[in-house]
Amino acid sequence: MSDERLDILIGKYLEDDCVEEEAQALLAQLGQSEEARLRFARHVYHEKTLVDLLAAPARVTAEVIPYETEPARVEGADAGSRRRRIQAAALIAASVLIAMLGAWLWRVPRAAPDMLARVRAPSGTVVVARGAAQRSAVPEMALAAGDVLRTGARGRVTVAYPDGSSLCLRPETEVVLGVTAEAIVRMQNVLAPAAAASPPVPDVLRGADSAVGHVFVREGGVVAKLARRPASVASVLLATPNAVVEVVGTTLELSVAPYWTRVDVTQGRARLTRLRDGRRAELAAGQYAVVAAGLALSARPIAAPRSDAGRFAKRYVICRADLTDRADVEALEALVERAAAVGYNGLIIGDFGGRYVRLENMTPGVFSSFIRIREAAAQLGLALIPCSIDPTQVSYENPSLVETVPVRDTPFSVESGLARVEGPGPLRLRNGGFEDGPGPQPVHWRVTGAGSARVERDATMKRTGAASLALRPAVPGGGAAGKELFIEQVVAVEPFRAYELSAWVQPPAEHAGELRMLIEGGRRGLLGGVIPRLAGSGWRRVAVAFNALESTAVRVRLGVSRGTGSGTYRLDDFALREVGLRATVRRASLPVVVRAADGAVTFSEGSDYVVEEEQLRLPPGSRIGEGTHLLVSWYVRPEMFGGPGPACAGYPAYFTHHADNARRLDTLFGAPPAFMMGYRGGPSGWGGWYVGNWDPICGDVPAGVYVAETLRRSEELLRDINPGYELYLSNDMVDPYACAKATHFLMRGSLEGAWEGVSRRTVIVNRGRSKESLLFFARRGHRQLVACAARASAVDGCLRVLDEAEPEGVIDVVGFVFGLGDDRPPALLRGMDLEIAANRIRTAGRWGHGPAFGRAQARRSVGPLDL
């Protein structure tokens, strides 16, 4: 039997989806092959059985150990013995699991236990486990204390008690019947991931009887109809990993997921106790309460249930990662486990620093680790989805293809055989040294943000001259913490000329916010910007180059965002100068053109001038004489947001690179079910497409046509690689309510119509900031995912906008994405935002069930990458 066929059979067994012939084939293969038994054990090593938890008061220590062990961690003489111990443990585990499979297949007869309840109306996949034996539920089957019931993706069953009480189990539910209060405490201590190391035992469990009438719901949904009991009889307890529900005679619905328990009472009363701190909520008919991180425990009125169409079937986390960095890969492994435990079913992995295009730097150890992550994710039902095909990645590999903007007719003059940009001319920036004015406020500068009282001239500390400027972004005590504080000035410039804005800064000893230097011009908004990372003491020079494009005046700004603490920034010696031939990009379509000042003569490169950094050198025999005034035009790489900037899609090499890269990723991710194109239009995050369409090779078309054609060809190359891909695209660059407008940063021409290059089959990842945006793509026929920033509080805003849009026709939102790709895996692992976001979506009634792409498919094996 092939490994692929074996994997399929094991997967079906684990999903309770085996028919009898398949189970017989699996059992036969396991009996014949030690390798098959080891493979079977590896597939299920992460499973923890409730049989172990119920076996003794102490946690069972015998665990199935994964067969694979990192070679780098097995050294010397211990390597062989350690591998033998691992093999032995795996084989023991495989023997136990094979026995369970045999019991399922052959319906092993068992001694009749004391009956606790009976099975009624089973449908779909319903399994009853007793000890190591399992069998499918059949009508009127007797159930005993300690029996475990599990329903499959379409399974349902009713547990009927002699007193008329009943439990109706929904799909994908697991419960343990007839457990004692002591067993509940043991299971909660093991299964409650959000609880403290030694959570307090709720009073309701301390005084509970030891009768075996309680129920533990590990996950899923249960509708309980419990007959009223006499006052002399103890209440029934319904327990979950993080809560206990005490009921006397009640009809309620219990929904359980990792880190989350919800109780809806429709008749009678119930008391919900939170495990973490023992806090309680009294619930009457028509009320519900939730036990979850980030949510207050209180009774709330039950709203109308949401239909399945409004629930999120795709529940994704997104992050950036450097797949050549062992620390990032190890953090990814932890993130996969944590996201799956919470209930997410997909992880989108974006690029960090262009590493996707340099997979040849991935060491064998890191490569093996990622493959292990991929296999673990498949076992946990978590799809790993690559995010690539954005224009910035090409620039990392081939900087010569970077997008540019034109500099036109900059005046140069010749002196001593060199032509340089002419002198600064009239003073453009006023009071750059903060010398003017007798008062504390800086003359000619406007203060914006948190108040002018925290900006003042300081004669006691300066770099040069008589004074500097002190910026105190936050008041001690936090009265204005988190607000922006900027100084700004409007300055005249010449269109399509290159400039550099510089300043000297002395940072505070402690963190006081992010320092930003920005240049804004007219309708385009930002023309250039830099966020310098300053540390230590003393003065530091910060600078940003920019192109004025069509602007005749720009607003220069320097200040602090997200101010915290009580530190003070000191600024001095602002300067604005025109620059020549700086960051010049040379391609056949991007010449450096030198003309006489009157435009009558165009000189020839090589014979008349040689291009150097910030100057022209005149070789012997040049037609350009001493003292000549010139007009010089060239193309420059913009400085904005860090990194090399996007690449130009007008060259065939742009798509050749993406096709090669996508093939490698398809292999590395094991033919993933989906692929996200990393186009994104804002100043933050991966794939910022903020400049483009200036290269003459792009043709005389507006930016919207340029972007549409690039997206169309990108989709085509991905579908050629894998026709089965479900493609995702962020809405920013193709959204008229986001970036696809008449002007967008440094793009040439209107971006309107960029959406025409996107196939209706492509799923739009919508940041959910406006109802109009959701409606726009819904009317175009796109399915959508709503994307929430990597803060749990942002989830509420996305859900609110979706609630507003649904009545107007937004009905095909198939899931959500938590995070916007800016965070690396270690950042997403900190805190409880993953859990809190999930809790809020569940509470809103939008949490779906099942895997993102239906039943898990066997993935092809992966060999060495063709790099």
Side-chain angles (χ1 to χ4, degrees), residues 49-51 53-54 113-122 126-130 137 141-151 155-192 201-202 204-205 207-229 233-257 260-275 283 291:
T49 65
L50 286 171
V51 174
L53 296 174
L54 294 167
D114 294 335
M115 189 192 75
L116 181 70
R118 289 191 180 277
V119 170
R120 298 279 168 81
V126 182
V127 175
V128 179
R130 181 176 297 163
M141 175 188 289
L143 300 173
D147 282 356
V148 180
L149 273 75
R150 303 185 184 96
T151 59
R156 293 178 182 270
V157 68
T158 297
V159 177
Y161 290 85
D163 66 353
S165 300
S166 64
L167 303 176
C168 298
L169 277 60
R170 296 186 183 279
E172 297 184 326
T173 296
E174 180 174 318
V175 303
V176 187
L177 302 179
V179 294
T180 65
E182 291 179 346
I184 290 173
V185 173
R186 290 202 307 272
M187 288 187 285
Q188 286 176 329
N189 286 340
V190 173
L191 295 177
V201 178
V204 66
L205 291 179
D209 62 58
S210 59
V212 290
H214 309 311
V215 178
F216 188 86
V217 183
R218 183 176 183 182
E219 63 181 345
V222 174
V223 176
K225 296 181 180 179
L226 303 179
R228 180 170 292 278
R229 312 180 85 187
V233 179
S235 301
V236 174
L237 303 182
L238 300 177
T240 76
N242 67 347
V244 176
V245 186
E246 185 180 4
V247 292
V248 176
T250 306
T251 299
L252 59 81
E253 180 173 355
L254 187 64
S255 302
V256 182
W260 192 81
T261 295
R262 172 168 170 159
V263 179
D264 293 65
V265 178
T266 53
Q267 293 181 4
R269 304 185 66 87
R271 176 184 295 137
L272 177 62
T273 301
R274 185 164 61 193
L275 173 66
L283 302 177
V291 173

| Residue pair Leu143, Leu149: steps toward the side-chain contact (heavy atoms from CB on, under 4.5 Å) verdict | CA-CA 9 Å; Leu143 300 173; Leu149 273 75; 4.2 Å; yes

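- In this structure, Val223 and Arg170 have side chains that are in contact, with non-hydrogen atoms separated by less than 4.5 Å.
- Scanning for salt bridge (charged side-chain N to carboxylate O under 4.0 Å, His left out) contacts around Arg269 gives an empty result, with sequence neighbours left out.
- In this structure, OG1 in Thr158 is found 9.0 Å from CZ in Arg120, a value given to the nearest 0.5 Å.
- Two residues are said to be in side-chain contact when any heavy atoms from C-beta on lie closer than 4.5 Å; Val148 and Glu174 meet this criterion.
- For the residue pair Ala117 and Ala160, the shortest heavy atom distance occurs at CB-O, 3.1 Å.
- Here the side chains of Val291 and Thr240 are not in contact, with every heavy-atom distance at 4.5 Å or above.
- Residues Ala142 and Met115 come closest through the heavy atom pair CB-CG, 3.9 Å.
- Of all non-hydrogen atoms in Ala137 and Val119, the two that sit nearest each other are CB-CG1, 4.1 Å.
- Closest non-hydrogen pair, Asp163 versus Ala227, comes out as O-CB, 3.7 Å.
- At least one side-chain heavy atom of Pro171 sits less than 4.5 Å from a side-chain heavy atom of Arg156.
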Test log, rule side-chain contact (heavy atoms from CB on, under 4.5 Å), inputs Met141 and Arg118:
CA-CA 5 Å; Met141 175 188 289; Arg118 289 191 180 277; over 6 Å; no

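- In terms of heavy atoms, Gly146 sits closest to Val176 at O-CG1, 4.1 Å.
- Note that CD of Glu172 and OG1 of Thr151 are 7.5 Å apart. Values are rounded to the nearest 0.5 Å.
- In terms of heavy-atom proximity, Ala270 sits nearest to Val247 at CB-CG1, 3.7 Å.
- Between atom OG1 of residue Thr266 and atom CG of residue Leu252 there is a gap of 7.0 Å, rounded to the nearest 0.5 Å.
- Residue Thr173 holds its OG1 atom at 13.0 Å from CZ of Arg218, rounded to the nearest 0.5 Å.
- No side-chain heavy atom of Phe216 sits under 4.5 Å from any side-chain heavy atom of Val256.
- Distance check, rounded to the nearest 0.5 Å: OG1 of Thr251 to NZ of Lys225 gives 6.5 Å.
- The only option from Leu238, Leu169, Leu167, Leu254 that meets the side-chain contact (heavy atoms from CB on, under 4.5 Å) definition with Val175 turns out to be Leu169.
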